[in-house]
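Below you'll find the structure, written out as structure tokens, and then a few comments.
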Amino acid sequence: MMEGDAMMLDDGSAIVNPVEDTSMEGAFNANLADLIPDDELESLAGGLINDYEYDKDARADWLKTYTDGLDLLGFKYEDRSKPFAGATGVTHPLLAETVTQFQAQAYKELLPPEGPIRTQIVGEITPEIEQQSQRVKEFMNYQISYEMEEYDQELDQMLFHLPLAGSAFKKVYYESVRGRAVSKFVPAEDVVMPYVSTDMESCERVTHVIKTMGNELRKKQVSGMYRDIDVMMSQVDNNDAQDKYDELDGISAPQNAEDIVLLEFHCDLDIPGFEDKDSQTGEPTGIKLPYVVTVDEGSGKVLAIYRNYREDDPLRKKIQYFVHYKFLPGLGFYGFGLIHMLGGLSRTATSALRQLIDAGTLSNLPAGFKARGLRVRDDDQPLQPGEFRDVDAPGGAIRESLMLIPYKEPSQTLFALLGFVVDAGRKFAAIADNKMGEGSQANPVGTTMAIMERGTKVMNAIHKRLHYAQKVEFKLLSRVFAESLPAEYPYAVRGGNRVVKQQDFDERVDILPVSDPNIFSMAQRVTLAQTQMQMATSNPQMHNMHEAYRRMYEALGVRDIDMLLPPPQQPQPED
């Protein structure tokens, strides 16, 4: 019985200002799996695993196309017995060449030596905000370049997978075991989406397949991140993509290899006891809320359930952890890669190259028919250069007892076709040699820009997609830095003391990649700076020649420009 701010008990005593019992709901950041009965957890895990299997089957054809196309890289030489024993198994390097050149070009642009992050001030610019912007830029570049040891390697590996599969993912989160932020590359085959998905934001379920070692899992169980329950070690059952990786690398899992596979579901659920409730009536609304559910695939047990929205967010928006990098947009959720776009041309180039080599082999080592009565001494040994061997010819003439099969020389038409196919593939992938330097310096500016644009349209579009995805990644990183890392800078800063870190990561400074979305290579940057220099030289009275030379040196990557190009002298005041 309640009276005012006191609750009367049966024995006549009272509790003043009683606190509402929220033990069933638990702390906001608590592992809700500890508060839910085992039968409900089992039912929840079974439903999620069934959804995961359905999603995986829906993309089976996409995965098969990708894994079959990996053979076109030519990493493994094929021993062939058809059309004859010893036929060449070479693979044309068209696909490997395009992938390698893209990876090298994008890697240099997205991760320059001075750091990949720049900042932009949103709203009014003041000296204080400029100092804040500089502090944020230096701190994030410091974290990525020095603290986040895996960032360089993860980005490097992602940029190799991306042009092949067409999609690659980065997962940005705070790693409690390491005590710092992590931006981890996740291959497309380990991120399973529903068939109807169009983007990461509106998707109702994202499944991340995680393979972990027993000791790493135990660390998270001891720290309280996962439930301290027994998990099932299962035989390694890789997907088709991982099997192909192992085949190309020349490795294989031992017979007794066991692993722990976790399924991490980022999904919307309506869990009994934790429903979304109306703020006025307190009745459940039936709206599903975002959660992160981790399930052991081997045993089907739930290890953790965490709320995936902020406690102070009235809209309860899903916190995003994944960034989707796309090579080409594709027709669905997953993007298209060079395997999809150049797979046919690469197979044709490989077939033509093998036919040319096999024709040369048969032409240089002819075969034929020999008359039954003709006897050749040691006829099972091939003739060596300069060797003469005894022959018994009953008919008297050797040529009448031998007939060579009329093999043709390698076809010039087939050779021309091979060149056409390779040239078509290189043009599509935009890796043709840049011949801008062969033109005259007197070329009009418009002609130079038109030639440069014509040869770089495809790469410019791809680079803009990478620039946008990297911007999203840095935005997620800045959120992790602001919420999870210590509230002060780990070093002395300019324009303030160390404790201003928490205030610096607000909405006044926008975090952007340092790469230019309109320029994807140093050659393009130098050509643009050279064109600007040409225009400035044609009419120096209207241009700032000092700035024109500075931009040219920056495009060339020259350091310490101020020592080479001192600032112009300021006019002295007259007496």
Side-chain angles (χ1 to χ4, degrees), residues 100-121 125 130 133-134 137-138 141 144-145 155 159 426-427 429-471 474 510-570:
T100 303
Q101 291 209 20
F102 166 81
Q103 191 271 347
Q105 207 168 51
Y107 180 56
K108 181 180 179 181
E109 288 297 316
L110 297 182
L111 193 62
E114 60 274 10
I117 287 178
R118 65 185 175 93
T119 51
Q120 176 177 299
I121 298 175
I125 300 177
E130 286 184 344
S133 174
Q134 185 66 21
K137 172 186 173 182
E138 291 178 354
N141 281 325
I144 289 176
S145 301
L155 179 65
L159 291 176
R426 286 177 172 175
K427 284 183 178 179
I431 64 166
D433 294 335
N434 190 354
K435 299 182 179 180
M436 298 294 300
E438 298 178 2
S440 172
Q441 294 293 330
N443 282 344
V445 174
T447 302
T448 302
M449 297 302 294
I451 295 174
M452 183 174 66
E453 181 183 2
R454 184 184 63 183
T456 59
K457 283 183 178 179
V458 176
M459 278 304 303
N460 272 338
I462 295 173
H463 188 68
K464 284 185 178 180
R465 296 185 197 102
L466 300 184
H467 182 87
Y468 171 78
Q470 196 176 41
K471 178 183 177 181
F474 291 160
D510 198 7
I511 312 297
L512 300 174
V514 74
S515 60
D516 191 332
N518 300 311
I519 298 177
F520 69 90
S521 68
M522 183 176 180
Q524 190 180 9
R525 188 177 293 106
V526 171
T527 301
L528 184 60
Q530 190 175 6
T531 304
Q532 294 174 348
M533 176 69 72
Q534 181 183 350
M535 295 178 64
T537 306
S538 64
N539 195 342
Q541 292 79 13
M542 296 181 61
H543 294 81
N544 185 343
M545 296 304 297
H546 181 273
E547 182 63 22
Y549 277 101
R550 167 175 283 278
R551 294 187 179 185
M552 189 67 191
Y553 284 127
E554 288 178 349
L556 293 173
V558 177
R559 295 186 177 182
D560 300 328
I561 300 177
D562 292 335
M563 299 179 63
L564 181 65
L565 188 69
Q569 294 290 335
Q570 299 295 327

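Basis for what follows: all heavy atoms, side chains included, without hydrogens, waters or symmetry-related copies. Small disclaimer: the values here were computed from a predicted structure and weren't measured.
Between K471 and P513 the shortest heavy-atom distance is N-CG, 3.6 Å. The shortest non-hydrogen separation linking L111 to P116 is CD1-CG, 3.8 Å.
In summary, the side chains of Q134 and E130 do not present any donor paired with an acceptor at a separation below 3.5 Å, with no hydrogens or angles considered.
Sorted by first then second residue, the side-chain hydrogen bond (donor to acceptor under 3.5 Å, both in side chains) pairs that include residues 537-548, not counting sequence neighbours, are E547-R551.
Here the straight-line distance linking atom CG of L110 with atom CG of L155 works out to 6.0 Å at 0.5 Å rounding. Summarising the geometry, atom NZ belonging to K137 is positioned 11.0 Å from atom CD1 belonging to I511; distances are rounded to the nearest 0.5 Å. A distance of 7.0 Å separates CG of L466 from CG of L159, quoted to the nearest 0.5 Å. The distance from the OG atom of S145 to the CD1 atom of I117 is 8.5 Å, given to the nearest 0.5 Å. The CD1 atom of I462 sits 10.0 Å away from atom CD of Q105, with the distance rounded to the nearest 0.5 Å. Taking NE2 of H467 as the start and CD of E109 as the end, the distance is 11.5 Å to the nearest 0.5 Å.
For S133, the side chain to side chain contact (heavy atoms under 4.5 Å, CB included) criterion is met by T119, I121, V509, not counting sequence neighbours. In this view, Y107 and D152 satisfy the side-chain hydrogen bond (donor to acceptor under 3.5 Å, both in side chains) rule, not counting sequence neighbours.
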